[in-house]
Amino acid sequence: MLWGSVVNKLWLTILVLVSVVLGLLTFLLLEFFGNFHIEEAEESLMQTAAKVSILLEEIEDRSTVYDTAERVQDPNSRIAILQNDELWISDPDKAEPLPDVDQEWLLNDAVLNKAVTEGEDVSKQLILPNTDRSVIVVGTPLQDGSGAVYVYQSLSVVKETGNQTTQIILLGAGIAFVLTTVFAFFLSSRITKPLIKMQDAALNVARGEFGTTVPVVTHDEIGMLATALNKMGKQLEFNINALSQEKEHLARVVNAMVDGVVMINRQGELTVTNPPAEEFIHDWQFENGETFHEVPGVWLEIMESVVSTASEVTREVTIQGREWVIIATPLYDDAAIRGAVAVVRDMTQERRLNKLREDFITNITHELRTPISLLQGYSEAIIDDIADTVEAKNELAQIIHDESLRIGRLVNQSLDLARMEAGDTNLVMEEVEINPFLERIVRKFQGLADEREIKLGLVNAVDKRTYQFAPDAIEQVLTNLIDNAITHTENAGAVQVLVSVDKDQLVMIVKDSGSGIPEEDLPFVFERFYKADKSRTRKTARTGNGLGLAIAKNIIQAHGGTIKVTSKLHEGTTFTIRLPRDTNLT
């Protein structure tokens, strides 16, 4: 934690640096002054010895010389004159007396003896005989070579002076250390205080508060850093806004595209999808039994192909009877492939448009040919008097009447469908109580379901009593879907009507356990004249003309909603209707 703060780091760094410098300087000063005091003491003692030596040469009266020597000597020292084998020693200081020395001790010392025998100035630190007193002794020879003058002084005096000097040096170092501590803390605080403000500002910018600014109080490097940080915040805000706008524009463009767009990264994760692509993914997962949380296997295969070939990859897949083309292109990060972007295009309508046009002519011709043939045949039978009884003629007339009504319904429904597709839809919107409305529609088919032992149920999970839509039109749609579900469900099967609310949409689902719709027919169930029975034979009286689902789709689209079908052969079919909760169409 101590090194986690710049203040502490800077403070300790300055203290360590100054401490090292002060310690080294103190050590050198103590060494210097220690030697200096000793040298000064030696020099002072040597000067005293030289003065006494001169007095001995110039004054013959020895008592005068001895008296003068005692006057010039330092109170803390003593003078010993060795001349002609005679030794004279000055009186000691009364406060701190130094013991006497004898001639034999002076002459027996190898260093001190040189002053007499070799005529050299000598100096030596030693302990006086028979004592524990350390002294410094200097000696200078007499000019006539008859002896030498020795001066000795206790080292305690020198050490006392050195101790005083040491105390002064240590006191100065301590004061310098304290002042350095205060100055270092003040300096580090002054430096780090704006840095802390910059840190807070940077964190605010990281949280998206780009208007945060740092006050610039100096014009040094820290002030320049604060200015640069403020400029960075403004530029970052500008860049983020620009990127947000570009992202919004791109998202709107992608969502508005008719083709599906999918972006996948190297880890196989879908990063970008638009509604058409999500619809394709939903159908793929339904078709292949995958969960909605899994990435579709087709995307993983495409990603592997893009990475291995480093080029555009095209795949064609058929899902729920619709033909899709997937075109994937690699995305690069510098030289490496970081993912792929794929365009999913529904080619079903484009590839089969001509076939649908031909089928339309074929279907309308086929639908009209059968009733026209019946009208022609039964009318000729009446004209030729083939029916010889009134009952037979009435039966033929009833068949002619039924077929004419069928032709009329076919023509009227075709006209209604054409009008709806042209945008001429007349819907009367009302506030409808949803529970009675649904129960009434389901009740209409309860008898038919009971005859075939089909379980017909209603599951209503809405929390609002009324919803706005055109009741007659929605009843027509639900009637058609429920009737188809019962018709194509085997005896003892099940048909369910489920109603719920998803976000802002009213969801109505008609689900059966019937024979299902072949995969190749799923894309065309909402086309005109679509019939699951390809032979178009009139097996039952309930056979329709193939316009009901086309009309239902247009009614739902006129409400601003959607209708979708999913189915598996021999497993059942599900029609899902999504209506806005409040529709303002009239």
Side-chain angles (χ1 to χ4, degrees), residues 246-333 337-356 502-503 505 517-527 553 556-557 561-569 573-578:
E246 290 296 328
K247 183 178 180 180
E248 182 182 0
H249 293 165
L250 180 60
R252 290 182 179 275
V253 170
V254 171
N255 289 331
M257 291 179 63
V258 177
D259 296 332
V261 177
V262 176
M263 187 177 294
I264 185 172
N265 58 22
R266 287 290 298 268
Q267 290 73 36
E269 300 171 346
L270 301 180
T271 57
V272 175
T273 58
N274 65 344
E278 293 173 357
E279 182 179 355
F280 169 80
I281 294 173
H282 183 276
D283 290 344
W284 171 276
Q285 293 169 334
F286 178 84
E287 178 77 14
N288 294 275
E290 298 177 356
T291 64
F292 296 128
H293 300 288
E294 294 183 60
V295 177
V298 65
W299 298 124
L300 300 179
E301 296 175 4
I302 290 174
M303 186 64 208
E304 292 177 0
S305 299
V306 169
V307 172
S308 61
T309 61
S311 61
E312 183 180 284
V313 175
T314 302
R315 290 283 188 276
E316 293 190 13
V317 295
T318 301
I319 302 296
Q320 292 286 290
R322 305 189 71 85
E323 298 180 10
W324 299 84
V325 175
I326 305 175
I327 304 173
T329 304
L331 296 174
Y332 290 92
D333 184 5
I337 297 177
R338 61 181 177 87
V341 59
V343 176
V344 184
R345 181 170 297 172
D346 185 359
M347 301 295 292
T348 307
Q349 204 71 10
E350 181 177 345
R351 291 182 176 179
R352 301 186 182 182
L353 182 60
N354 292 332
K355 184 178 183 302
L356 291 177
D502 182 14
K503 297 180 180 179
Q505 292 181 323
I517 302 174
E519 181 178 333
E520 62 273 12
D521 292 332
L522 278 175
F524 312 107
V525 295
F526 296 108
E527 300 294 336
K553 179 180 179 180
I556 298 302
Q557 289 178 344
T562 60
I563 182 171
K564 183 179 178 182
V565 59
T566 55
S567 180
K568 284 188 177 181
L569 203 59
T573 304
T574 300
F575 284 88
T576 303
I577 300 172
R578 292 179 177 271

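Everything quoted here is computed from the prediction, not taken from an experiment.
- Taking each heavy atom of Ile556 and Arg578 in turn, the nearest pair found is CG2-O, 4.4 Å.
- Summarising the geometry, atom CD1 belonging to Ile577 is positioned 4.5 Å from atom CD1 belonging to Ile563; distances are rounded to the nearest 0.5 Å.
- The nearest pair of heavy atoms linking Pro330 to Glu312 is CD-N, 4.2 Å.
- Checked by atom type and distance alone, the side chain of Ser567 pairs as donor or acceptor with a backbone atom of Ile517 at under 3.5 Å.
- Minimum interatomic distance between Ile337 and Val306 (heavy atoms only, all atoms of both residues): CD1-O, 3.9 Å.
- The main-chain N or O of Asp259 is found under 3.5 Å from a side-chain atom of Asn274 such that the two form a donor-acceptor pair.
- Closest approach of Ile264 to Met303, counting heavy atoms only: CG2-SD, 3.7 Å.
- Lys564 is linked by a salt bridge (charged side-chain N to carboxylate O under 4.0 Å, His left out) to Asp283, counting only residues two or more places apart in sequence or in another chain.
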Under the side-chain contact (heavy atoms from CB on, under 4.5 Å) rule, what do Phe280 and Asp346 come out as? Steps first, then yes or no, please.
CA-CA 9 Å; Phe280 169 80; Asp346 185 359; over 6 Å; no
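- For the atom pair CD (Glu269) and CG (Leu300), the distance works out to 10.5 Å, reported to the nearest 0.5 Å.
- None of Ile327, Thr314, Ile326 except one satisfies the side-chain contact (heavy atoms from CB on, under 4.5 Å) rule with Ile302; the exception is Ile326.
- What you find for Pro518 and Leu569 is that their closest heavy atoms are N-CD1, 3.8 Å.
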Show the numbers, then the answer: is there a side-chain contact (heavy atoms from CB on, under 4.5 Å) between Trp324 and Thr318?
CA-CA 6 Å; Trp324 299 84; Thr318 301; over 6 Å; no
Test log, rule side-chain contact (heavy atoms from CB on, under 4.5 Å), inputs Ile281 and Leu270
CA-CA 11 Å; Ile281 294 173; Leu270 301 180; 3.7 Å; yes
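- Here the straight-line distance linking atom CD of Glu304 with atom CD of Glu301 works out to 7.5 Å at 0.5 Å rounding.
- The heavy-atom pair separating Met257 from Pro276 by the smallest distance is O-CG, 3.5 Å.
- Scored by the side chain to side chain donor-acceptor pair (under 3.5 Å) test, Thr273 finds Glu278 as partners (sequence neighbours excluded).
- Note that CZ of Arg322 is 12.0 Å distant from CE of Met347, once rounded to the nearest 0.5 Å.
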